[in-house]
There are 2 protein chains.
Amino acid sequence: MASMDPMTSTATQAPRSGPVTRKDVARYAGVSTAVVSYVVNGGPKRVAPATEAKVQDAIRVLGYRPNAAARALKLGSSETLGLIIPDITNPFFSLFAHAVEDAAAALGYALVLSNSDGNVARERNNVRNLAARQVDGVLLASVLFEPDLASLETADIPSVLLNQERDAPGFNSIGVDLAAGARMAVEHLIGHGHTNIGLAMGTNVSGSKDGREQGWRDALRDAGLREGPITYSEFDRSGGYVAGQRLLASVNRPTAIFASSDMQAIGILRAVREAGLDVPGDIALACFDGSVESEYSWPPLTTVVQPVTAMAEAAVASLVGAGRGEPPRHRLFATELKVRQSCGCP
Amino acid sequence: MASMDPMTSTATQAPRSGPVTRKDVARYAGVSTAVVSYVVNGGPKRVAPATEAKVQDAIRVLGYRPNAAARALKLGSSETLGLIIPDITNPFFSLFAHAVEDAAAALGYALVLSNSDGNVARERNNVRNLAARQVDGVLLASVLFEPDLASLETADIPSVLLNQERDAPGFNSIGVDLAAGARMAVEHLIGHGHTNIGLAMGTNVSGSKDGREQGWRDALRDAGLREGPITYSEFDRSGGYVAGQRLLASVNRPTAIFASSDMQAIGILRAVREAGLDVPGDIALACFDGSVESEYSWPPLTTVVQPVTAMAEAAVASLVGAGRGEPPRHRLFATELKVRQSCGCP
DNA sequence: GCCTGGTATCAACTCGAGTAGATCACTCGG
DNA sequence: CCGAGTGATCTACTCGAGTTGATACCAGGC
């Protein structure tokens, strides 16, 4: 019956078959297809008010929507952006994705999402796929610290590298000052009187060094402290869980831990509890990212928050907004320490 | 040298400007454009092996990628699906989005993501937008219990309604048996000896009844118990927080609470702790969704898990997979109670 | 009455790829 | 030695919208 209704309405006024095209509108309004175009997009030529009204009417009656594919073909732009991230399930990335979607939508762009699941091959595949789809730009949060520039280069699509610490010549890139952020957090821990501070570091497939590790080192060195134990594991909750277990089992068990992501901290929290210990009483904790989850854990996590919205807006703008024409550059954003209770503050 | 090769080939023969088209490939390989098409997609006609090799060569050398816009225009299909959800930041939806992306990618479809942010107008706008972009189907998790069918109908795009409890005639829809799931959880709480069980119910803009509320009622009735206090608030963490505060302040404070989402339970956990009480000691807790976060909270949440992957696959398949041609129908999935510790189990 | 200048509109071409129908080159049987 | 038959390939049209370079129309000035 729902399959009946469209039929009857078809009989009375609407398209006999398939979608309504510009031609149908033109015929209905008694004008040429060019005029319809002019009306639809305030076209390059003026249209008499009376004619415009007729056309608008026809559009409404027939329910015409311009075919985006045809438009994209002619204009060479799909008004679409691609976002490639390791995993949308990670709260940090989902927050980021939301911000990117907002920024893109504000400029009339749609967002194609793809997850690389920490897999380089899949990441590369996604880039090619997006390239073939004529996206107007891609935002890439690579699973590699040093992204697969070659595939982006040959695809020669405007792009921004996300979560990028260093400058990547010839590319737009965006990132936060990891070292400075980590340093802030570790210094805060030191301020609480801790002298043995461990590090739970996340790993990437490339395995190259991360600024957070450096920031932790720098803070300890400047305070004249010895480096506490380090573990390397996945950036996610389960990675944090094993990091926590290892850190607690280390010969010189730390009294405080800095984790390279909120998710790791969540995992550590669990390991600490299972060991019958208390945060922050036995182990103080600080971490990195500033996702919503950090606020609702117990205890609420002291974390280095990344300016996600600003970064997303800057990334989108560098592709299709104000910054489009500008030469590629690296944008470094400052982080902010959000002090809650996992560090020992009341 | 990988970055060199394209360069040198550029100098000798490759595109002087802009993207490589089928025509360029044809010229380079010394064949007609039709043959290139045949090769690219195992075309409707056979090509001699030798010719095929030449063409493949040309494609590789020139770095040709077929223009998806042109393809979409000709074929009337963009090989793209649209997903509209309230908020990707909600772990349940991000899990779902990931599963949908996987299922779509497996079939060669890309996924356009849009958030409606609980706003009906934005939701409707997103539908129109996706329709104009010639997506081959849209998956809609409406902010309304009863989605805005009219806008989908006039857009007449294949679609699936997600999180849909009831049958929506003429539409594909997918959902879990909310009432049965809720009932399981509440019965489990009853099994722990609780006789005063409260309900933290999430609200939608439409405000119509939800099966979870019914399941809670049914379980209590069948056990001969009186209904505990109810609160209505947002489905998210902050909604749960206020629900928790209200429930704790109610005249007959419950000893157990069933929350309509994991996120609400997380918020309740916080409210309970701030009141100096313990979960599950003072207040037992069970909830609904089965997101990852429920596993890593403290205590781990006993929750009704939705078969997200299966649902995502079914949704995608009904649009572009095996189920494409079939008449629209409602698919109800069973839930499973994941017992952890917030209910009082060891 | 005729020309000028402007305005409103239109016909026709384009974007890049898919494909039906025509064309060409061969081989083989008679 | 020729026609039929089989492959391989090409020509040309199509999808729907944007846009340029005509064209039609009208008012006003001489």
Side-chain angles (χ1 to χ4, degrees), chain A residues 15-56 58-59 62-80 108 131-136, chain B residues 15 17-56 58-59 62-80 108 131-136 157:
Chain A
R16 59 229 117 259
S17 70
V20 185
T21 76
R22 184 179 62 166
K23 212 156 144 189
D24 300 320
V25 175
R27 184 164 26 231
Y28 186 96
V31 299
S32 78
T33 59
V35 176
V36 178
S37 262
Y38 300 154
V39 170
V40 168
N41 28 341
K45 302 207 177 161
R46 303 210 56 87
V47 172
T51 313
E52 160 140 20
K54 271 194 305 182
V55 173
Q56 293 287 19
I59 290 178
L62 301 179
Y64 167 72
R65 326 230 89 232
N67 181 317
R71 212 185 160 94
L73 172 58
K74 192 81 235 288
L75 300 179
S77 151
S78 55
E79 310 237 291
T80 295
R133 284 171 190 281
Q134 323 299 119
V135 298
D136 296 325
Chain B
S17 69
V20 185
T21 76
R22 184 179 62 165
K23 212 157 147 190
D24 300 319
V25 175
R27 183 163 29 230
Y28 184 95
V31 299
S32 79
T33 59
V35 175
V36 177
S37 264
Y38 298 154
V39 170
V40 168
N41 28 342
K45 302 204 179 165
R46 302 211 59 87
V47 172
T51 315
E52 160 140 19
K54 271 193 305 184
V55 173
Q56 292 287 18
I59 290 178
L62 301 180
Y64 168 71
R65 325 231 89 232
N67 182 317
R71 211 185 161 93
L73 172 58
K74 192 80 232 291
L75 300 179
S77 153
S78 55
E79 309 238 291
T80 295
R133 284 172 189 278
Q134 322 300 120
V135 297
D136 297 324
I157 293 183

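Values in this document were obtained by computation on a predicted structure and should not be read as measured data.
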Once you apply a heavy-atom cut-off of 4.0 Å, does A:Val31 come out as touching a base, just sugar-phosphate, or nothing?
sugar-phosphate

With distance as the sole test, does B:Arg133 use its side chain to make a donor-acceptor pair with the main-chain N or O of A:Ser78 at under 3.5 Å?
yes

How would you label the contact of B:Ser37 with the nucleic acid (heavy atoms, under 4.0 Å): base, sugar-phosphate, or nothing?
base

How would you label the contact of B:Ala48 with the nucleic acid (heavy atoms, under 4.0 Å): base, sugar-phosphate, or nothing?
sugar-phosphate

Taking every non-hydrogen atom, the tightest pair across A:Val20 and A:Tyr64
O-CD1, 3.4 Å

Which heavy atom of B:Leu73 sits nearest to which heavy atom of A:Ala69, and what is that distance?
N-CB, 3.8 Å

Which whole-number value in Å describes the distance from A:Lys23 NZ to C:dA11 C1'?
13 Å

How bent is the helix from C:dG1-D:dC30 to C:dG30-D:dC1, comparing axes over its five end pairs at each side, to the nearest 10°?
70°

Does the side chain of B:Thr21 come within less than 4.5 Å of B:Thr33's, by heavy atoms?
no

If you assign each of B:Lys74 and B:Gly30 to its closest nucleotide in DNA chain D, which residue comes earlier from the 5' end?
B:Gly30

Where does the chain B footprint on DNA chain D start and end, counting 5' to 3' with a 4.0 Å heavy-atom cut-off?
D:dA8 to D:dG16

Provide, to the nearest angstrom, the distance between the CD atom belonging to A:Glu52 and the C1' atom belonging to C:dT9.
14 Å

How is A:Val47 classified with respect to the nucleic acid when contacts are heavy atoms under 4.0 Å: base, sugar-phosphate, or nothing?
sugar-phosphate

Does any N or O donor sit under 3.5 Å from an N or O acceptor when you compare the side chain of B:Arg22 with the base of C:dA17?
yes

Please report the closest heavy-atom contact between B:Ala29 and B:Ala58, naming both atoms and the distance.
CB-CB, 3.9 Å

Would you please confirm or rule out a distance under 4.0 Å between OP1 or OP2 of C:dT7 and any side-chain N or O of A:Tyr38?
no

Where the side chain of B:Arg22 meets the backbone of B:Asn67, is there a donor-acceptor pair that is under 3.5 Å apart?
no

By nearest nucleotide on DNA chain C, pick out whichever of B:Val35 and B:Ala70 is the more 5' one.
B:Ala70

In whole angstroms, the gap separating P of C:dA17 from CG of B:Leu73 amounts to 12 Å

To the nearest angstrom, the CZ-P distance between A:Arg46 and C:dT7 comes to 10 Å

Looking only at heavy atoms, which two atoms of B:Val36 and B:Val31 are closest? And how far apart?
CG2-CG2, 4.1 Å

Search all heavy atoms of B:Asn41 against all heavy atoms of B:Arg71 and return the closest pair with its distance.
ND2-NH2, 4.1 Å

Could you tell me whether the side chain of B:Val47 reaches within less than 4.5 Å of the side chain of B:Val55, counting heavy atoms only?
no

